[in-house]
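What follows is a single structure, written as structure tokens, with notes after it.
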There are 2 protein chains.
Amino acid sequence: MSLRHALLGLLAQGPASGYDLTRAFDGGIGQYAWQAGHSRIYPELGKMAEAGLVVVDETGPRGRKSYALTDEGRTELRRWMLHWPERTAVRDETVLRMFLVQSLEPDDARRLLEGIAEHCAAELAKLRPVMDEVDAEHDPREPVPFGRLAGEYGLRQYEAVHGWALWSLERMGATVPG
Amino acid sequence: MSLRHALLGLLAQGPASGYDLTRAFDGGIGQYAWQAGHSRIYPELGKMAEAGLVVVDETGPRGRKSYALTDEGRTELRRWMLHWPERTAVRDETVLRMFLVQSLEPDDARRLLEGIAEHCAAELAKLRPVMDEVDAEHDPREPVPFGRLAGEYGLRQYEAVHGWALWSLERMGATVPG
DNA sequence: CCGCGACCTGTCAACCTGGACATGTCCACG
DNA sequence: CGTGGACATGTCCAGGTTGACAGGTCGCGG
């Protein structure tokens with residue numbers, strides 16, 4: 001039941017409506033960590049409110065309901081963050097493809113790896129300037145801006161995959177030169 | 001429906017029974033890429049056989065049924081591997097935690113990051129010798145052993161996360177020295 | 001002042017998933 | 001020869017998840 005904890009974590013930044021949270025899942029967190037659509041977010045917020053983890057902070061126009069963490073919610077988030085189970089849930093289609101690269105014919109595998117390397121290079125070219133800008137605007141005496149650590153994670157992830165794809169190509173090239 | 005493609009990919013290595021495939025998911029693929037228990041694997045194999053993607057290759061003792069890929073199955077696997085959708089399914093509890101590190105108090109965050117760094121270092125210490133041994137035993141003129149690319153992926157993944165955790169600690173340390 | 005696009009909340013049915021339950025066989029070792 | 005542990009296959013159900021359906025509001029540009 002990690003959706004609940006994702007929502008708690010997002011609300012730890014500050015109060016937000018179901019709509020805001022839905023859009024947050026369109027961004028980095030939904031791309032790399034956990035996906036959720038509004039149809040699950042609204043009911044879950046309701047259940048969390050029932051459980052006392054969040055409260056409706058304020059209501060706005062168009063029936064907007066802003067939710068805020070309660071102390072109980074913050075405690076639960078902390079408990080979950082610090083308590084790591086032995087085995088965590090993973091389901092990543094991209095990584096699955098990487099595991100199965102070797103089930104392809106060498107030519108197909110090479111083409112696939114080349115595509116991966118290109119894709120990573122393109123993402124890095126997009127992400128690096130954004131992070132550099134965040135760093136440039138940020139006063140080092142202030143706390144690290146929310147999301148900067150996650151951004152760095154994405155950056156390093158792409159770098160790792162990029163390096164891996166190039167390494168794999170080299171390694172396969174030795175087998176079937178051409 | 002990636003379970004189907006995970007099974008196709010595993011069967012591309014050679015025929016296997018539901019039991020064999022279940023154990024494969026206990027290993028690297030289940031840890032990093034996609035999880036599945038036998039309760040989903042057996043019915044899925046049945047459906048795949050119905051769809052003509054696999055056939056029962058041979059039967060063994062204890063009702064063992066060994067499945068093998070058909071040409072149709074191999075084609076479907078290739079189609080899936082080479083066709084990347086815009087957005088792929090991701091659901092990774094560990095990455096979620098990394099995204100939410102900054103929702104913790106700085107002290108908790110530091111402790112968590114230290115734990116992550118240690119864990120990665122420990123996994124690397126386990127994985128590196130295994131990969132080195134694979135390389136030592138492997139004739140470079142032969143094709144890359146199945147799983148070697150995936151192992152390298154895991155290695156680089158841990159290296160990346162390790163580096164990220166250290167970077168994050170440094171970055172947070174600048175904020176609250178201690 | 002009108003309409004369109006973004007905002008905002010919700011439900012429902014179909015499907016997927018994980019863990020418990022169920023059943024039985026082979027084989028190596030004592 | 002008996003027994004424990006690995007081998008092997010399956011079902012079932014509660015709960016999670018997705019995508020479609022549904023309904024309504026605000027605010028701005030024409």
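Fair warning: this is a prediction, and the values are worked out from it, not measured in the lab.
- Nucleotide C/dT17 holds its P atom 11 Å from the CG atom of B/Leu7, rounded to whole Å.
- Linking Ile, Leu, Val, Met, Phe, Trp and Tyr residues whenever their side-chain heavy atoms come within less than 4.5 Å places B/Trp84 and B/Met81 in a single cluster.
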Could you pull out the protein-nucleic contacts involving nucleotides 4-8 of chain D (nitrogen or oxygen on both sides, under 3.5 Å)?
| unit_1 | atom_1 | unit_2 | atom_2 | d |
| --- | --- | --- | --- | --- |
| D/dC7 | OP2 | B/Tyr19 | OH | 2.9 |
| D/dA8 | OP1 | B/Arg64 | NH1 | 3.2 |
| D/dA8 | OP2 | B/Arg64 | NH1 | 2.9 |

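- Salt bridge absent: A/Glu114 and A/Arg110 never bring a charged side-chain N and a carboxylate O closer than 4.0 Å.
- Taking 4.0 Å as the cut-off between side-chain N and carboxylate O, B/Arg78 and A/Asp108 count as a salt-bridged pair.
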Per-pair distances, 0.1 Å, donor-acceptor, side chain in residues 3-19 of chain B, under 3.5 Å, sequence neighbours excluded:
| unit_1 | atom_1 | unit_2 | atom_2 | d |
| --- | --- | --- | --- | --- |
| B/Arg4 | NE | B/Glu44 | OE2 | 2.8 |
| B/Arg4 | NH2 | B/Glu44 | OE2 | 3.1 |
| B/His5 | ND1 | B/Met1 | O | 3.3 |
| B/His5 | NE2 | B/Glu76 | OE2 | 2.8 |
| B/Gln13 | NE2 | B/Leu10 | O | 3.4 |
| B/Ser17 | OG | B/Tyr19 | N | 3.4 |
| B/Ser17 | OG | B/Asp20 | N | 3.1 |
| B/Ser17 | OG | B/Asp20 | OD2 | 3.3 |
| B/Ser17 | OG | B/Arg64 | NH1 | 3.3 |

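- For CG of A/Asp71, the number of neighbouring non-hydrogen atoms (other residues, nucleotides, ligands) closer than 6.0 Å is 12 at most.
- Under a hydrophobic clustering in which Ile, Leu, Val, Met, Phe, Trp and Tyr are joined whenever their side-chain heavy atoms come within less than 4.5 Å, directly or via other members, B/Leu155 and B/Leu149 fall into the same cluster.
- Between the side chain of A/Trp34 and the backbone N or O of A/Phe25, no donor-acceptor pair lies under 3.5 Å.
- A donor-acceptor contact shorter than 3.5 Å links the side chain of B/Gln35 to the backbone of A/Val90.
- A salt bridge does not link A/Glu159 with A/Arg156: none of the charged nitrogens is closer than 4.0 Å to a carboxylate oxygen.
- If you check residues 43-56 of chain A against DNA chain C, you find no residue with a heavy atom closer than 4.0 Å.
- With respect to B/Asp135 and B/Arg148, a salt bridge is recorded, a charged nitrogen being found less than 4.0 Å from a carboxylate O.
- The closest donor-acceptor contact from the side chain of A/Ser66 to the backbone of A/Asp57 lies at 3.5 Å or more, if one exists at all.
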With a 3.5 Å cut-off and sequence neighbours excluded, list the donor-acceptor pairs that the side chains of residues 96-103 of chain B form with protein atoms.
| unit_1 | atom_1 | unit_2 | atom_2 | d |
| --- | --- | --- | --- | --- |
| B/Arg97 | NH1 | A/Trp80 | O | 2.6 |
| B/Arg97 | NH1 | A/His83 | O | 3.2 |
| B/Arg97 | NH2 | B/Glu93 | OE1 | 2.6 |
| B/Ser103 | OG | B/Leu100 | O | 2.6 |

Restricting to nitrogen or oxygen on both sides, can you table the protein-nucleotides 17-21 of chain D pairs closer than 3.5 Å?
| unit_1 | atom_1 | unit_2 | atom_2 | d |
| --- | --- | --- | --- | --- |
| D/dT18 | OP1 | B/Arg91 | NH2 | 2.9 |
| D/dT18 | OP2 | A/Arg40 | NE | 2.5 |
| D/dT18 | OP2 | A/Arg40 | NH1 | 3.0 |
| D/dT18 | OP2 | A/Arg40 | NH2 | 2.1 |
| D/dG19 | N7 | A/Ser39 | OG | 3.4 |
| D/dG19 | O6 | A/Ser39 | OG | 3.1 |

Quick test: give all pairs of protein nitrogen or oxygen and nucleotides 1-3 of chain C nitrogen or oxygen below 3.5 Å, distance rounded to 0.1 Å.
none

